[in-house]
Amino acid sequence: MSDPCPARLPGGERECVHCAERFHCGIDDPGGCWCAREHSPLPAPLEHGRAGCLCPECLAREVAAAG
């Protein structure tokens, strides 16, 4: 599986591209990243063109806005 969020921080954390909040991605965890478990599949507008990861709060807002 290729890493869709290339900017890793120490400890497997990521920085949200919207709000700069740090969060644990989990892409290397046995169950995979939290966003794939909670929001699978993502609405089509969110699947393409993402330049990095979103924190749980920002992704939830985008999923809700996308319908």
Side-chain angles (χ1 to χ4, degrees):
M1 174 181 183
S2 66
D3 189 344
C5 305
R8 292 181 188 234
L9 298 171
E13 289 194 332
R14 305 295 172 108
E15 188 172 282
C16 178
V17 297
H18 279 193
C19 72
E21 182 72 26
R22 288 185 175 199
F23 62 96
H24 179 74
C25 170
I27 197 164
D28 295 325
D29 293 351
C33 58
W34 65 269
C35 62
R37 290 189 308 272
E38 293 182 23
H39 299 287
S40 185
L42 288 173
L46 299 181
E47 289 182 9
H48 306 288
R50 176 70 52 218
C53 291
L54 297 174
C55 69
E57 292 80 16
C58 288
L59 183 58
R61 278 193 297 273
E62 286 212 5
V63 167

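Count residues from 1 along the sequence.
- Counting heavy atoms from C-beta outward, His18 and Glu62 have side chains that approach closer than 4.5 Å.
- Cys55 is listed as a side-chain neighbour of Cys19, based on a closest heavy-atom distance under 4.5 Å.
- Note that CZ of Arg22 is 12.5 Å distant from CZ of Arg14, once rounded to the nearest 0.5 Å.
- If you take CD on Glu13 and NE2 on His24, they are separated by 8.5 Å, rounding to the nearest 0.5 Å.
- Trp34 places a side-chain heavy atom less than 4.5 Å from the side chain of Leu59.
- With rounding to the nearest 0.5 angstrom, the CZ atom of Phe23 is 7.5 Å from the SG atom of Cys35.
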